[in-house]
Every structure is written in structure tokens, then in C-alpha cells.
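What follows is a short report on a single structure.
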Amino acid sequence: MDFERRLKNKTILAVMMVLLILCTIYFTLSINNQKQHIDWEIQKKNELVSHEIQNLFENTNLLYRDKIQYFVNNPAIKNEFHSKDFENLYRKIFPFYSILKSEDPYHFEIKFYSKDNSLKLDMEKGNGCYEYVAPTNSIVYKTNKEKRKNTGFEFTNAMLYYKIANPLIYQGEYIGCIEFSIREKEVIDHITNDFDISIASIFNTEYLYTGLQNNFNAPVIDNKYILHTLNHENIFSEIVVKDLLSAGKLKYNDRYYFVNIMPVENNFQKEGLEKIIFMRDITQLQNEYQAILFRSLFIMLLILSSVYLILHLSFNKLITKVFNLQDVLDKRLAIKTKEIVKTNAELNQIFNTTGNSMRLIDNNFNILRVNRAFSGMSGLSKEDAEGKKCFNVFPGPYCHTSECPLNQIKNGKERVEQDIKKKNVNGKIIPGILNCVAFKSENGEMLGIIEDFKDISKRVEAEEALIRSEQQFSMFMDNLPLGVFIKDENFRSVYLNKYMDNVYSNDNCQHKKPEEIFPPEYAKRVVEEDKQVINGEVLVVEDKLPNKLGETRLYQTYKFRFRGVDNLWQIGGVSIDITDKKKTEYELKILSNAIQHSPVCVVITDLEGKI
């Protein structure tokens, strides 16, 4: 009994230890996978926000500076401003200003200042009398003083604006400046509402004058930086107080956030804007992760306790069944593992060794996977392609249209095939055949599409070369000073060069028999000759045939048979006009007879007198 008890205890302990290790490994991998998925979700959204902010910075200067040039370079506007007819100036500008306001998603203002810094016209408030004078630390004052364009950040009515001030020159005289300002609030609201984030800006005090620094009403970090925000001031202040100004996760008031810091790398940096901080609430993701963690621990403990009770209560029977079952499972597992490894290896080999470009796209136009041929053809690496939108990576001509393959398959089409051209990152145009089919789950649910793009550049080049060769051959045949024709085994004309086509009196002789081309007396003779040739004879005949002008000409024709590309006998022929030659021979014969029968002596000599 002691031996059995010790065996039972050791066996249960060994089984529990093995099970504990296996459970620990499995749940550790599951938790790590969940954590990696959460990190990937955060990274993907942060990259999207960073890209949007970067585009905003790149386009803002270009977009608004182009708009202000209309006002700066308009002679009528400068004339009205010079004449101080501000009411008429307002009426001239208002239509275009209204269009700009309706098209622009952000709040902007246009103001006109005289050269003494007095506000003369505010397009936002309309025409009227103004008593406002730009202060000495303003961009307007600096522009009037230096008589050149200036840009920068400035507070107006406790709101931060980005301002562009351009001088106005009328007939060589400096008359004032125009100020174009964009309010920060609408730009920030646009980004925060679209991406559900909070944004703060970090300004470098080295580029800001003292008055502007004081207007921020924010603490200075490291005697150099000012943190400016329109919302969530408490949490951003907490970040500064605790010196947590770095990218990563943050816990504040029992909520989790992910902070990302993006440096500014354009001319805004020289005007004081050093970095952009945006923060996303990831409490839900973090709670899901913690819930999975606790649930996994609970399940692991439940499994271990259940197994312990089962082993303890039915040790003998269970051990016997376990060993028997183990043998069966080992065999099945080995067979199944071998099948899975073989299948996966075959799929990877097919996906990566095919010469066609292939990619897997989900229902939201995201690229899930690409093969090596796609990277080579598009010029983009696997890392640069996967996770991006398909219409931004190696796009086709039907992107954003109803002809998009994904849209067609979503609408019920089983297969889409298109003959299109694509341009890679190097600017090379690649002609190809695009085939797309639905990518479905085991239960038949559509998950996306599998796109196959075959490069047919060599085929297109060969077809173009063949067309050029055929054109060159046709031009060569049509410019020969003799006739060339080909007939099928039924004596029907299948080819005539231009010379031969002009010989026949019929207007259109292609694909016609001799009876349809010539008069009966000629047609009968031609048919008899063709029969001899198709039976293997090679004929050289002289035929008198009428041309399209009604003239009868004498032709020497060589006829022979050959096998065509379809392995059927065809008749080839070459005709030479010998009318003039025969005429000359006849005249020479008459002259010779006349000389021989002449009653006088006839001597023919060369120029030197030799007979």
C-alpha cells in the first residue's frame, strides 16, 4: 500500500508539474500574442495620426500662401486700398472671401493694415470704423517696419493664430500690408474629433519673443520649452510635473493613455513649434488585456485543480486509459502535424515562388500579406507594403471607382480579370493581367480578396515588335516593282500586294476566285493553270490581262505551290510586266529583217569607226 501510495503521489505530482508547465507556456504565449496585437493596434493608429499631422504641416503653408497671393497680387485690390475706399474694397473682396470660407474647414481671417499699423478693414467683421492699432511686438508691426513678408504665431483674443503678413506695394509705393491668420482651435478640433485623441504643442522659447511667451500662460520646461494645449490641461500638466514627457504608456486617474511625441521638421520649427504631443485613451484595450490575463490565470487554476481531483479520485483507471490514449494521440498527432507542416510548406512555396505579384487584401482595403514577386515588381519591401491601404501601394487605374476588383467581388462577382497597367515606385509602367478571387473563411464568410498580377511586358514588347515587322514586310511587298499573290487550295485570292491589286480590273480582288475577277475567257485559263500548280507543277506562263484602266498588258507569271501555316497547300505567284520588253523585241526583229532584205549596203559602226 505504501508503494502504491508513493507511486500515486509521484505520478500525480509529475503530471501536475508537466501540466503546470504546459499551461504556463500556452497562456504566456496567448497573453503575449494579445499584448502584441494591442501594441500593433496602437502603433497602427499612431502612424495614421502622425501621417495626417505631417500632411497637415506640409500642405498648410502651400495652401494658404497660395490663397493670400490672390489678394497681394490683385491690382484692383491694391488700387482700392491705396485710394482708401474701404467700403468698395470690401465689396470687391467679399465674393471670393465667402467662397474661401465655405471651402475651408478651418477658421481664418483676412485683415488690411495701413503702413502706420492701423487696422483699415477686417473681412470677418465687415466694413466699418476701427480704432485698433497693431502693437509693436506684432507680426504686422514687424512687416510694416521691414517692408517684407513675415510669418509666425500670435495670440489674438486669448486664441493662438498662425499669421502670414504680406506687404502691399502700389506703383512702387509701400501702402501697408495684408494679414492672413489661421486659428489653432479648428485645426486641433479637426484632428482630435477625427482620431479621438488629445493634442498638445511644445514651443521652443528661443524662437519666441517675451510677450508671446507670457501669453501662453503655461510653465516653462527645462528653461526652454512651453507646453500648450486646448484640452485635457490637467493630464498634460501632470505629465510635466512628473517629468513623464516621453513616448509610451501612461496611467493617470485610473485610466491608461498612450503618449506619442512627433518632432516638427519644417519651417514651423524655426517659428517656435518644436514638437507635437498627441495622446490616446487606451483604457478599454488595457482593461481587455487585464481581463484576458485574469481569465487565463483563473482557467489555468481551474484546469490544474480539476485534473488533480480527477487523478486523485480515479487514479488507477485513469492512468490505464491515459497511457492507452497517449499512444493513440501520439500517433494521430504525428500524422496531423506532418500533414499541417506539409500543407503549410506547400502554400508558402506556392505563394512565394510564383512569378506573379500576389497580395492578400481585407474588406477594408488593408494589405495583409504580399509575396516576394510583389516586392520585386512594385519596388516596395514587405514591411512598407503590409498594413497599408491597397490604393496607396502599387495602385491600379480603377482605384476609387466601381471597377475596383474588391468592390466588384463584394457586389457578388466570383472572379475579376482586368488587362491594366500599373506604375511602380520607380516610375516604370508595367502592363499586366490582374486576376482577383474572394478570400473566404472556413464558414464561407468573405474576408477579402486574393490579387494576382501577371507581368506581360515581354509579351507586349513581342507583339509590338511583330506588328512593326508585319508593317515593314507589308511596305516592302507593296513597293516591289512586280506583282505578288497568294491563293488557297480553292484558287481564292488571300493576298495581293498593291502592284498586283492594280493589275486586276476588279476593284476589290481579295478573297475572290478567278471567275469573280476576270472575264470568262481569262478566268477559265487561269483556273486550269492553278489546277496544274496545286497538283505539283511549277509554271512559267505569259498572260495577257486587262488592268483597271482597260489596257491589256502582257505579264510573265511564275506559279508554284507551298504549304501554309495551317499545313494546307497554297499557290504562290510572282508576275512581271513584260509588255514593253516584248514590244522592244518585236521592233528589233522587224529592224533586223529590214536590214537583211535591204537592196543597199548597210554598215553599222561605233563612234570610232569600227565595224
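Here the structure is a predicted model, which is why all the values come from computation and not from measurement. Below, all heavy atoms of this structure are taken into account, side chains as well, without hydrogens, waters or symmetry copies.
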Worksheet item: Does atom CD of Q284 have more than 12 heavy-atom neighbours, drawn from other residues, nucleotides or ligands, at distances under 6.0 Å?
Response: no
Worksheet item: At what distance, to the nearest 0.5 angstrom, does NZ of K45 lie from CG of D196?
Response: 8.5 Å
Worksheet item: In this structure, are over 12 heavy atoms from other groups packed under 6.0 Å from Y174 atom OH?
Response: yes
Worksheet item: Within the side chain of N371, is there an N or O that forms a donor-acceptor pair under 3.5 Å with the backbone of N356?
Response: yes
Response to the item:
Nearest heavy-atom contact between N366 and G387 is OD1-O, 4.4 Å
Fill in: Expected output: side-chain T229 to main-chain I199 donor-acceptor under 3.5 Å
yes
Worksheet item: Taking 4.0 angstrom as the limit, do K422 and D455 come out as a salt bridge?
Response: no
Discussion item. Return the NE2 to NZ distance between H37 and K44, rounded to the nearest 0.5 Å.
Written reply: 7.5 Å
Worksheet, complete the sentence: For Y113 and A134 the tightest heavy-atom approach is CE2-CB, 4.1 Å
Practice prompt. Determine, step by step, whether Y90 and M123 satisfy the side chain to side chain contact (heavy atoms under 4.5 Å, CB included) criterion, reporting the C-alpha distance in whole Å, the side-chain angles of both residues, the deciding distance to 0.1 Å, and the verdict.
Written response: CA-CA 7 Å; Y90 177 76; M123 293 302 300; 3.7 Å; yes
Practice prompt. Fit a plane to each ring of H400 and F391, take the angle between them on a 0 to 90° scale, and name the class: parallel (under 30°), tilted (30 to 60°) or perpendicular (over 60°).
Written response: tilted
Practice prompt. Answer yes or no: is there a side-chain heavy-atom contact under 4.5 Å between H82 and E173?
Written response: yes
Practice prompt. Decide yes or no on side chain to side chain contact (heavy atoms under 4.5 Å, CB included) for F365 and N407, but give the supporting numbers first.
Written response: CA-CA 10 Å; F365 304 93; N407 288 334; 3.7 Å; yes
Discussion item. I need the S201 OG to I276 CD1 distance, nearest 0.5 Å.
Written reply: 4.0 Å
Worksheet item: Under a 4.0 Å N-O cut-off, is there an ion pair linking D189 with K185?
Response: yes
Worksheet item: Do F81 and Y170 make the cut of ring centroids closer than 6.0 angstrom?
Response: no
Worksheet item: R280 side chain to F195 main-chain N or O, any donor-acceptor pair under 3.5 Å?
Response: yes
Worksheet item: Hey, do the aromatic rings of F86 and F112 have their centres closer than 6.0 Å?
Response: no
Worksheet entry | Trace of the side chain to side chain contact (heavy atoms under 4.5 Å, CB included) decision for N79 with K92 | CA-CA 11 Å; N79 180 51; K92 282 184 177 295; over 6 Å; no
Worksheet item: Are any non-hydrogen side-chain atoms of K382 and D384 less than 4.5 angstrom apart?
Response: no
Worksheet item: Taking atom types as modelled, is there a side-chain donor on E184 or H228 under 3.5 Å from an acceptor on the other?
Response: yes
Worksheet entry | Donor-acceptor under 3.5 Å (N443 side chain, E445 main chain) | yes
Worksheet item: Are the side chain of T283 and the backbone N or O of Y256 linked by a donor-acceptor pair below 3.5 Å?
Response: yes
Worksheet item: Just by distance, do the side chain of N117 and the backbone of N144 share a donor-acceptor pair under 3.5 Å?
Response: no
Worksheet item: Would you say V140 and C177 make side-chain contact, with heavy atoms under 4.5 Å?
Response: yes
Item to complete: Working to the nearest 0.5 Å, report the span between CE of M446 and CZ of F439.
Response: 10.5 Å
Worksheet entry | Where Y162 and E271 come nearest, the two heavy atoms and their spacing | CE1-OE1, 2.9 Å
Discussion item. Taking the side chain as everything from C-beta on, heavy atoms only, tell me whether L273 gets closer than 4.5 Å to F203.
Written reply: yes
Worksheet item: What's the spacing between Q43 CD and Q36 CD if we round to 0.5 Å?
Response: 11.5 Å
Fill in: side chain to side chain contact (heavy atoms under 4.5 Å, CB included) between E186 and H190, intermediate numbers included
CA-CA 6 Å; E186 283 71 22; H190 167 69; over 6 Å; no
Item to complete: Give a yes-or-no answer on whether the side chains of E154 and S138 include a donor-acceptor pair shorter than 3.5 Å.
Response: no
Discussion item. Could you check whether atom NZ of K388 has more than 12 heavy atoms from other residues, nucleotides or ligands sitting under 6.0 Å from it?
Written reply: yes
Worksheet item: Should L119 and K125 count as side-chain neighbours, where that means a heavy-atom distance under 4.5 Å?
Response: no
Worksheet, complete the sentence: Closest non-hydrogen atoms of L208 and G272, given as atom of the first, atom of the second and distance, are CD2-CA, 4.1 Å
Discussion item. Minimum heavy-atom separation for N260 and S50, please, with both atom names.
Written reply: ND2-OG, 3.7 Å
Discussion item. I'd like to check I282 versus Y257 (side-chain heavy atoms, cut-off strictly below 4.5 Å). Are they in contact?
Written reply: no
Worksheet entry | Backbone N/O of I188 and side chain of T192: donor-acceptor pair under 3.5 Å | yes
Worksheet entry | Sidechain-backbone polar pair: Q418 side chain, E403 backbone, donor-acceptor under 3.5 Å | yes
Item to complete: Evaluate the side-chain proximity of T156 to K163: yes if any heavy-atom separation is below 4.5 Å, no if none is.
Response: yes
Worksheet item: Where the side chain of K389 meets the backbone of N364, is there a donor-acceptor pair that is under 3.5 Å apart?
Response: yes
Discussion item. So for atom NZ, which belongs to K145, do other residues, nucleotides or ligands contribute more than 12 heavy atoms lying within a distance under 6.0 Å?
Written reply: no
Discussion item. P167 and side-chain contact (heavy atoms from CB on, under 4.5 Å): which single residue from N150, T143, I175 fits?
Written reply: T143
Worksheet item: At their closest point, which heavy atom of V133 faces which heavy atom of S118, and how far apart are they?
Response: CG2-OG, 4.0 Å
Item to complete: Say whether, by atom type as modelled, one donor and one acceptor occur between the side chain of K35 and the main chain of Y289 under 3.5 angstrom.
Response: no
Discussion item. Once rounded to the nearest 0.5 Å, what's the spacing between atom CD1 of I226 and atom CD1 of I202?
Written reply: 11.0 Å
Discussion item. Quick one, R359 and R369 - any side-chain contact, counting heavy atoms below 4.5 Å?
Written reply: no
